[in-house]
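No hydrogens, no waters, no symmetry mates; every other heavy atom, side chains included, goes into these values.
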Amino acid sequence: MNKGYADLYLEPDLARFPGMIYGYVIELKYLKRSETRDQTGQMGALAEPQRQLRGYLADATLWRRHPTVQHVGLAVVYRGWEMMACEAVTAER
């Protein structure tokens with residue numbers, strides 16, 4: 001996807017489920033448990049996966065393969081085993 005690799009890509013199975021309207025690209029980031037981050041730091045940690053997702057979602061190949069599907073990017077930041085932040089990034093055609 002745009003010369004990058006998403007952590008997870010949930011490709012819609014249109015052959016079995018022709019009415020499926022969403023596909024998902026998920027980018028996971030991990031912070032060490034010993035790191036302390038306030039709310040501002042967590043939002044800063046979301047900036048990189050959001051940038052990556054925008055690049056993946058802008059890939060023309062993704063749209064050619066599934067022109068009827070809306071792809072959604074999910075940026076998720078974990079600290080240890082706890083999810084600290086999660087945000088959806090929508091694709092712009």
Side-chain angles (χ1 to χ4, degrees):
M1 287 188 227
N2 238 359
K3 298 183 181 177
Y5 297 96
D7 290 330
L8 295 170
Y9 173 51
L10 303 177
E11 184 174 22
D13 188 358
L14 297 177
R16 288 181 53 197
F17 306 103
M20 189 173 280
I21 59 172
Y22 293 105
Y24 296 92
V25 181
I26 302 169
E27 189 66 28
L28 303 169
K29 292 297 174 192
Y30 175 79
L31 305 174
K32 293 179 183 176
R33 236 175 66 168
S34 59
E35 289 183 57
T36 58
R37 295 253 179 165
D38 59 3
Q39 191 68 13
T40 308
Q42 291 168 19
M43 293 303 114
L46 271 174
E48 177 63 18
Q50 288 172 337
R51 183 193 62 75
Q52 288 177 291
L53 285 168
R54 285 188 188 95
Y56 300 151
L57 294 172
D59 188 6
T61 306
L62 190 66
W63 297 108
R64 278 195 304 272
R65 285 182 68 179
H66 305 290
T68 62
V69 173
Q70 179 180 350
H71 289 86
V72 177
L74 297 174
V76 185
V77 177
Y78 282 94
R79 191 179 92 209
W81 57 80
E82 181 181 2
M83 184 175 70
M84 299 302 294
C86 179
E87 189 168 313
V89 177
T90 56
E92 297 177 18
R93 287 190 185 194

Is there a path of hydrophobic side-chain contacts, each under 4.5 Å between heavy atoms, that joins W81 and M83?
no
Using side-chain heavy atoms (C-beta onward) and a distance below 4.5 Å, is E27 in contact with Y56?
yes
Assess the residue pair V25 and L57 against the criterion (side-chain contact (heavy atoms from CB on, under 4.5 Å)); give the C-alpha distance rounded to whole Å, side-chain angles, the decisive distance to 0.1 Å, and a yes or no.
CA-CA 8 Å; V25 181; L57 294 172; 3.9 Å; yes
Atom pair OH (Y22) and NE2 (H71), whose distance is rounded to the nearest 0.5 Å
12.5 Å
Any R64 side-chain heavy atom under 4.5 Å of T61 side chain
yes
By the definition side chain to side chain contact (heavy atoms under 4.5 Å, CB included), identify the one residue from L74, V89, T90, I26 that meets it with L53.
V89
Which value, rounded to the nearest 0.5 Å, describes the distance between L31 atom CG and Y78 atom OH?
12.0 Å
For G23 against P12, the heavy-atom pair lying closest together:
CA-CD, 4.1 Å
Restricting to non-hydrogen atoms, name the atom on K32 and the atom on R79 that form the minimum distance, rounded to 0.1 Å.
O-CG, 3.2 Å
Could you pull out the closest heavy-atom pair between L14 and H66, with the gap in Å?
CD1-ND1, 3.9 Å
For a quick test of reading the model, state the closest non-hydrogen atom pair linking V77 to A45 and the distance between them.
CG2-O, 3.9 Å
Working note: V69 + W63, criterion side-chain contact (heavy atoms from CB on, under 4.5 Å); need CA distance, chi angles, decisive distance, verdict.
CA-CA 8 Å; V69 173; W63 297 108; over 6 Å; no
Drop me the distance from E11's CD to L62's CG, to the nearest 0.5 angstrom.
8.5 Å
